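Lettering of chains follows the sequences in order, A, B, ..., and the numbering in each one begins at 1. What you see is a predicted model, and the numbers here were worked out from it, not measured in a lab.
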2 protein chains.
Amino acid sequence: MIIVTIDPDGPVPVYRQLAAILRDQITSGQLEPGRPVPSEKQLGQEYGVARGTARKAIAVLRDDEHLVVTVTGRGSYVVPPEDRPDD
Amino acid sequence: MIIVTIDPDGPVPVYRQLAAILRDQITSGQLEPGRPVPSEKQLGQEYGVARGTARKAIAVLRDDEHLVVTVTGRGSYVVPPEDRPDD
DNA sequence: TCTCATTTGTTCGTATGTATC
DNA sequence: AGATACATACGAACAAATGAG
């Protein structure tokens with residue numbers, strides 16, 4: 001069992017650490033295709049970071065890696081592997 | 001007559017200023033036990049704040065001070081003094 | 001049962017100010 | 001100067017619950 005925590009004082013920015021955690025959950029199938037990613041608020045509470053930081057982590061997965069899509073007023077959802085551009 | 005206004009630029013957050021205003025109205029009896037607190041929308045309009053800010057003010061009175069209870073789809077109501085935990 | 005308005009609940013989008021590194 | 005991080009605040013959209021009719 002690997003304990004995944006965030007180190008605010010480490011060399012890697014918090015939002016990138018959180019993005020890595022979520023990326024692992026997605027690629028491992030723990031977060032299934034089509035299912036919603038926890039909200040920015042939830043992620044903030046669960047990982048002890050500000051909403052803006054959680055938001056930035058999701059932005060990485062969405063804008064840079066296309067692992068999720070975001071819908072205003074709804075949330076972000078895991079993109080099925082076959083729908084991901086160059087994967 | 002004390003004029004109660006909200007100072008958006010002061011050191012105290014707007015939602016706490018509004019919570020203080022409502023708290024005074026409740027403890028002074030101006031807002032009577034059992035009666036509804038103005039809706040989030042109304043408070044927003046009356047005090048010139050966003051609904052989310054009015055909502056946050058009510059959350060303080062409900063979650064931290066137990067001065068009001070909230071019913072989804074209905075509104076928030078003033079808790080009678082004798083029903084308030086440790087008061 | 002159905003429709004409608006009102007209200008609370010939740011979420012994202014954006015901006016500002018402050019502080020730190 | 002720039003990136004990071006937090007708190008606050010406004011706005012918008014969507015959802016769910018309630019009650020009136």
- Could you work out which one of C:dT11, C:dT10, C:dG13 sits closest to the side chain of A:Ser39? C:dT11
- Task: Specify the separation, in whole Å, of atom CZ of B:Arg74 and atom P of C:dG9.
- Result: 13 Å
- Task: Report the distance from atom OH of B:Tyr47 to atom C1' of D:dA9, rounded to the nearest whole Å.
- Result: 18 Å
- Item | Nearest atoms (heavy-atom pairs only) where A:Arg23 meets A:Leu67 | CG-CD1, 3.7 Å
- Query: Considering only D:dG11, C:dT8, D:dA5, which nucleotide approaches the side chain of B:Ala50 most closely?
  - Reply: D:dG11
- Message: Whether A:Tyr15 contacts D:dA5 is assessed here as follows: a side-chain N or O lying under 4.0 Å from the phosphate OP1 or OP2. Is that the case?
- Response: no
- Message: Please report the interatomic distance CZ(B:Arg35) to CD1(B:Ile26), rounded to the nearest 0.5 Å.
- Response: 13.0 Å
- Task: Report the distance from atom CZ of A:Arg51 to atom P of C:dT16, rounded to the nearest whole Å.
- Result: 16 Å
- Query: How long is the line joining CD of B:Gln17 and C1' of D:dA9, in whole Å?
  - Reply: 12 Å
- A:Arg16 has an atom CZ; how far is it from atom C1' of D:dA3, in whole Å? 11 Å
- Are B:Val4 and B:Val49 joined in one hydrophobic group, where the rule is that I, L, V, M, F, W and Y side chains link up if heavy atoms are under 4.5 Å apart? yes
- Measure from CD on A:Gln45 to C1' on C:dT10 and round the result to the nearest Å. 12 Å
- Item | Proximal nucleotide (of D:dT8, C:dG13, C:dT7) relative to the B:Lys56 side chain | D:dT8
